[in-house]
Amino acid sequence: LTAMGEPSMDPAISADSTAQQDSLFSMTDVFLISLITGLFTYWFFFRKKKEEVPDLPKMQTVAAPVRDSSFIEKMKKTGRNIVVFYGSQTGTAEEFANRLSKDAHRYGLRGMAADPEEYDLSDLSRLSEIDKSLAVFCMATYGEGDPTDNAQDFYDWLQEADADLSGLRFAVFGLGNKTYEHFNAMGKYVDKRLEELGAQRIFELGLGDDDGNLEEDFITWREQFWPAVCEHFGVEATGEESSIRQYELVVHTDVNMNKVYTGEMGRLKSYENQKPPFDAKNPFLAQVTENRKLNEGGERHLMHLELDISNSKIRYESGDHVAVYPANDSSLVNQIGEILGTDLDTVMSLNNLDEESNKKHPFPCPTSYRTALTYYLDITNPPRTNVLYELAQYATDAGEQERLRKMASSAAEGKALYLSWVVEARRNILAILQDMPSLRPPIDHLCELLPRLQARYYSIASSSKVHPNSIHICAVTVEYETKTGRLNKGVATSWLKGKVPAQGGSGCLVPMYVRKSQFRLPFKPGTPVIMIGPGTGVAPFIGFIQERAWLKQQGKEVGETVLYYGCRHEREDYLYREELARFQKEGVLTQLHVAFSRDQAEKVYVQHLLKKNKENIWKLVNEGMAHIYVCGDARNMARDVQNTFYEIVSEFGSMSQPQAVDYVKKLMTKGRYSLDVWS
């Protein structure tokens with residue numbers, strides 16, 4: 001950097017020297033001398049820079065992930081005939097893929113789960129080279145009908161491919177959520193596109209709904225899928241489902257603690273020696289510089305946090321999401337250790353018994369049980385049925401063992417019991433161990449079975465134009481009593497609540513990275529925006545308004561900025577009241593409509609205020625070409641708001657209901673109706 005900076009200073013020095021000698025030389029001489037000096041200076045530093053190039057390899061670079069040459073060759077080498085690809089954002093699709101690949105042995109077949117990001121999927125056309133071969137796709141849909149990050153390349157290839165897949169046999173199970181506009185879009189697309197490319201579907205598309213009971217949807221599909229496979233290949237089940245360990249335990253009694261993972265997501269010691277770029281496998285440790293309570297009353301705790309990203313080279317835009325890696329409550333971890341009679345500080349590794357697998361460990365190893373249960377494993381969500389099935393063998397009481405096996409079965413009675421006793425009662429693994437005194441599994445097998453603890457995503461509540469070195473989060477702590485009388489707390493929000501800067505030290509560090517979003521302000525500042533975000537759904541709009549205020553300060557003409565916000569009580573949980581009032585006073589926020597749902601006998605929500613101002617809404621959308629943004633609850637609010645827009649368009653656009661629906665869908669296609677919703 002110094003070498004690059006030096007030449008830019010020299011011309012100024014040369015010019016000063018020449019000016020002093022002006023009286024001694026003619027203008028032509030001055031020009032020639034300046035030109036020669038300039039050329040010599042340029043040549044000198046250019047040559048010097050070339051000499052310095054050999055030093056550059058000393059810098060450490062982050063290598064791009066190397067793909068295996070071919071999943072076909074790997075399958076041939078290891079004697080596999082079923083490959084289960086997964087498109088997974090939160091780990092569930094990966095978990096389902098692992099379960100299906102383990103199922104295969106019951107039918108005399110051998111399966112492997114595979115991450116499409118690690119392979120060249122154009123090799124699908126060669127799968128027919130393997131006898132009794134089958135490709136299964138467990139594909140989750142992310143956001144507004146998008147592929148998951150690890151399935152993006154596969155999706156792009158499918159769109160562009162003109163491959164002949166006529167020898168490929170396939171089946172697809174999609175993971176989605178019916179509260180979202182584009183329910184199971186990725187699963188549906190993969191199923192349709194593979195057929196278009198000539199592949200043979202051997203079992204119907206499965207559509208899992210996470211708003212209902214995703215686990216039951218998967219089990220129901222799976223119990224019909226395998227008989228179809230048997231019929232197609234002429235094979236039979238070889239026996240009952242059996243417990244097969246995927247990993248073996250290695251306990252390290254004499255280990256260098258510098259080689260032991262203490263919570264890092266990827267590279268060992270990455271939290272001590274931080275190196276960009278920062279992403280899901282290499283999060284940045286951001287200091288919490290502010291953590292304040294936003295609400296003035298009520299039972300809930302709503303908070304505003306600010307994360308310092310100085311010197312991280314992290315860039316973000318208004319509308320992006322920040323992902324944070326939380327830690328489980330230490331009291332839950334300790335209770336699991338006590339119940340299982342384990343020394344949680346034992347250092348161990350779980351090594352994959354399949355030496356050919358790309359996944360050597362279920363989580364970073366070597367590590368301690370305490371670290372695994374704190375940073376790597378999900379111990380607060382109700383466990384899925386496959387976990388109960390595997391654990392059943394360790395229950396010494398016959399009744400408890402039978403109960404666990406029944407809940408893991410596909411029988412209607414078993415499904416109902418699992419739904420009521422586990423899902424609806426919100427029993428996590430600790431609660432199950434507490435309520436089944438004879439169930440005491442080895443802790444290493446439990447760690448193998450539990451899913452990974454996932455990052456939590458929050459809509460960023462700031463603009464990088466105003467806050468380039470900090471990212472703001474708006475969140476509400478999750479806390480509720482279960483049917484069994486236990487108090488369950490949200491992992492991330494409870495953990496974030498405790499990150500108070502006044503306490504100082506490393507306790508205020510948050511592992512995070514930024515995930516890009518399509519939730520963007522219009523390119524032209526003059527375009528009107530209508531923002532609808534009740535509760536913490538207001539978060540991205542704080543960033544949007546900050547940015548519009550900044551644009552206005554730069555002398556740009558900013559269009560109408562309209563916000564529809566809602567909360568329960570004006571005096572309790574009106575978030576960012578002062579900031580919004582200031583923006584309105586400054587003329588940036590041209591309209592502010594607030595619905596207080598519980599301050600009167602009849603509940604008033606944002607959609608009611610939209611109806612009240614329907615004429616103005618239609619004018620902004622139809623004449624002003626306004627962009628509409630909706631953020632918050634997908635199950636009720638987003639759907640009700642969308643239905644309100646159908647009504648407004650139908651009334652003022654003189655359209656039938658189907659025409660109005662089509663009009664709004666076209667706004668979505670054009671990027672003029674954007675959603676950032678969750679369920």
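- Rounded to the nearest 0.5 Å, atoms CG (Leu377) and CD (Glu448) are 11.0 Å apart.
- Listed for the Asp217 side chain is a donor-acceptor partner under 3.5 Å among the backbone atoms of Asp209.
- Ring centers of Tyr247 and His445: at least 6.0 Å apart, outside the cut-off.
- For an aromatic pair to be called close, the ring centres must be under 6.0 Å apart, and Phe173 with Phe218 satisfies this.
- Within 6.0 Å of CD in Gln224 there are more than 12 heavy atoms belonging to other residues, nucleotides or ligands.
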- side chain to side chain donor-acceptor pair (under 3.5 Å) between Ser70 and Asp123: does it pass, once the steps are laid out? CA-CA 7 Å; Ser70 167; Asp123 269 352; 2.8 Å; yes

- Message: What verdict does the ring pair (Phe, Tyr, Trp, His ring centres under 6.0 Å) test give for Tyr261 and Tyr376, after you've listed the backbone C-alpha separation in whole Å, the side-chain angles of each residue and the deciding distance to 0.1 Å?
- Response: CA-CA 11 Å; Tyr261 282 88; Tyr376 299 141; 7.2 Å; no

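- Between the side chains of Thr141 and His182, no donor N or O sits under 3.5 Å from an acceptor N or O.
- Counting non-hydrogen atoms of neighbouring residues, nucleotides and ligands closer than 6.0 angstrom, the NZ atom of Lys360 exceeds 12 such neighbours.
- For OH of Tyr375, the number of neighbouring non-hydrogen atoms (other residues, nucleotides, ligands) closer than 6.0 Å is 12 at most.
- Judged by distance alone, with hydrogens and angles left aside, the side-chain atoms of Asn81 form a donor-acceptor pair with the main-chain N or O of Arg110 at under 3.5 Å.
- Here the side chains of Arg403 and Leu417 are in contact, with some heavy-atom distance below 4.5 Å.
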- Run the salt bridge (Lys or Arg N to Asp or Glu O under 4.0 Å) check on Lys489 and Asp329 step by step: do they pass? CA-CA 9 Å; Lys489 295 180 180 181; Asp329 189 328; 5.2 Å; no

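- Between Trp226 and Tyr107, the angle of the ring planes stays under 30°, which puts this pair in the parallel group of the 30/60° scheme.
- No hydrogens or angles considered: nothing links the side chains of Ser409 and Tyr389 as a donor-acceptor pair under 3.5 Å.
- In this structure, the side chain of Thr179 does not engage the main chain of Ala634 through any donor-acceptor pair within 3.5 Å.
- At a cut-off of 3.5 Å, with distance as the only test, no side-chain donor of Lys415 or Thr385 sits close to an acceptor on the other residue.
- Side-chain contact check for Val172 versus Lys188: every heavy-atom pair is 4.5 Å or farther apart.
- One distance of note links CG of Leu430 with CD1 of Ile336; it measures 5.5 Å at 0.5 Å rounding.
- In the model, Thr371 has a side-chain atom that pairs as donor or acceptor with a side-chain atom of Ser368 under 3.5 Å.
- No side-chain heavy atom of Leu302 sits less than 4.5 Å from a side-chain heavy atom of Cys474.
- When all heavy atoms of Arg222 and Arg99 are compared, the closest pair comes out as NH1-NH2, 4.1 Å.
- Asp149 has a carboxylate O that lies under 4.0 Å from a charged side-chain N of Arg515, or vice versa, which qualifies the two as a salt bridge.
- Checked options Tyr316, Tyr325, Phe278; the residue passing with Phe284 is Phe278 (criterion: ring-ring contact (aromatic ring centres under 6.0 Å, His included)).
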- Query: Could you go step by step and tell me if Glu223 and Ser410 meet the side chain to side chain donor-acceptor pair (under 3.5 Å) rule?
  - Reply: CA-CA 7 Å; Glu223 68 188 24; Ser410 55; 2.9 Å; yes

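- A side-chain donor-acceptor contact under 3.5 Å links Asn282 to the backbone of Pro277.
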- Task: Output, in order, the C-alpha distance, side-chain angles, deciding distance and verdict of salt bridge (Lys or Arg N to Asp or Glu O under 4.0 Å) for Glu264 and Lys281.
- Result: CA-CA 9 Å; Glu264 305 94 325; Lys281 291 176 182 172; over 6 Å; no

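- With hydrogens and angles disregarded, a donor-acceptor distance shorter than 3.5 Å links the side chain of Arg440 to the backbone of Leu433.
- To the nearest 0.5 angstrom, Glu400 atom CD is 11.5 Å from Ile432 atom CD1.
- Taking all atoms of both residues into account, the shortest heavy-atom contact from Phe225 to Ala171 is CE1-CB, 3.7 Å.
- Remark: the backbone N or O of Leu305 is not paired with any side-chain donor or acceptor of Asn291 at under 3.5 angstrom.
- Using modelled atom types and a 3.5 Å distance limit, the side chains of Tyr480 and Asn488 yield a donor-acceptor pair.
- Side-chain N/O atoms of Asn351 and Glu248 include no donor and acceptor closer than 3.5 Å.
- Atom NZ of Lys178 is surrounded by 12 or fewer heavy atoms from other residues, nucleotides or ligands within 6.0 Å.
- How far CG of Leu404 is from CD of Glu390: 12.0 Å, rounded to the nearest 0.5 Å.
- Under a 3.5 Å cut-off, the side chain of Asn381 and the backbone N or O of Pro451 do not form any donor-acceptor pair.
- For the pair Thr92 and Leu175, the minimum side-chain heavy-atom distance is below 4.5 Å.
- Looking at Glu215 and Tyr418, their side chains come closer than 4.5 Å, going by heavy atoms from C-beta outward.
- When every heavy atom of Ser470 is checked against every heavy atom of Ile309, the shortest pair comes out as N-CG1, 3.7 Å.
- The distance from atom CG of Asn352 to atom OG of Ser357, rounded to the nearest 0.5 Å, is 4.0 Å.
- Contact between Trp495 and Pro511 at its shortest, heavy atoms only, is CH2-CD, 3.7 Å.
- Contact check on Asp211 versus Arg635 returns a salt bridge, with a Lys/Arg side-chain nitrogen under 4.0 Å from an Asp/Glu carboxylate oxygen.
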- Task: Report the C-alpha distance between Arg384 and Glu216 in whole Å, list the side-chain angles of each, state the deciding distance to 0.1 Å, and finish with yes or no for salt bridge (Lys or Arg N to Asp or Glu O under 4.0 Å).
- Result: CA-CA 10 Å; Arg384 298 196 184 278; Glu216 186 173 323; over 6 Å; no

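- Annotation: side chain of Asp633 is not in contact with side chain of Val677 (no heavy-atom distance under 4.5 Å).
- Here the OG1-CE distance, from Thr493 to Met303, works out to 5.5 Å after rounding to the nearest 0.5 Å.
- The distance between the ring centers of Phe154 and Phe137 falls below 6.0 angstrom.
- Between Lys77 and Glu356, at least one side-chain nitrogen of the basic residue sits less than 4.0 Å from a carboxylate oxygen of the acidic one, meeting the salt-bridge criterion.
- Residues Trp157 and Leu124 are in side-chain contact: their nearest non-hydrogen atoms beyond the backbone lie under 4.5 Å apart.
- With sequence neighbours left out, the salt bridge (charged side-chain N to carboxylate O under 4.0 Å, His left out) criterion links Arg80 to Asp354.
- Remark: side-chain polar atoms of Thr342 are not paired, donor with acceptor, to backbone N or O of Leu344 under 3.5 angstrom.
- Under 4.0 Å is where a charged nitrogen must lie from a carboxylate oxygen, and between Asp444 and Arg245 at least one such pair does.
- Surrounding NZ of Lys516 are more than 12 heavy atoms belonging to other residues, nucleotides or ligands, all under 6.0 Å away.
- Side chain of Asp320 to backbone of Ser517: a donor-acceptor contact under 3.5 angstrom is found.
- A pairwise comparison of heavy atoms in Leu453 and Pro326 identifies CD2-O, 3.5 Å as the closest pair.
- For Glu272 and Arg267, the salt-bridge test fails: no basic side-chain N is under 4.0 Å from an acidic carboxylate O.
- Put simply, the side chain of Glu481 never gets that close to the backbone of Arg486: no donor and acceptor are under 3.5 Å apart.
- Side-chain contact between Gln287 and Leu307 is absent, with no heavy atoms from C-beta onward closer than 4.5 Å.
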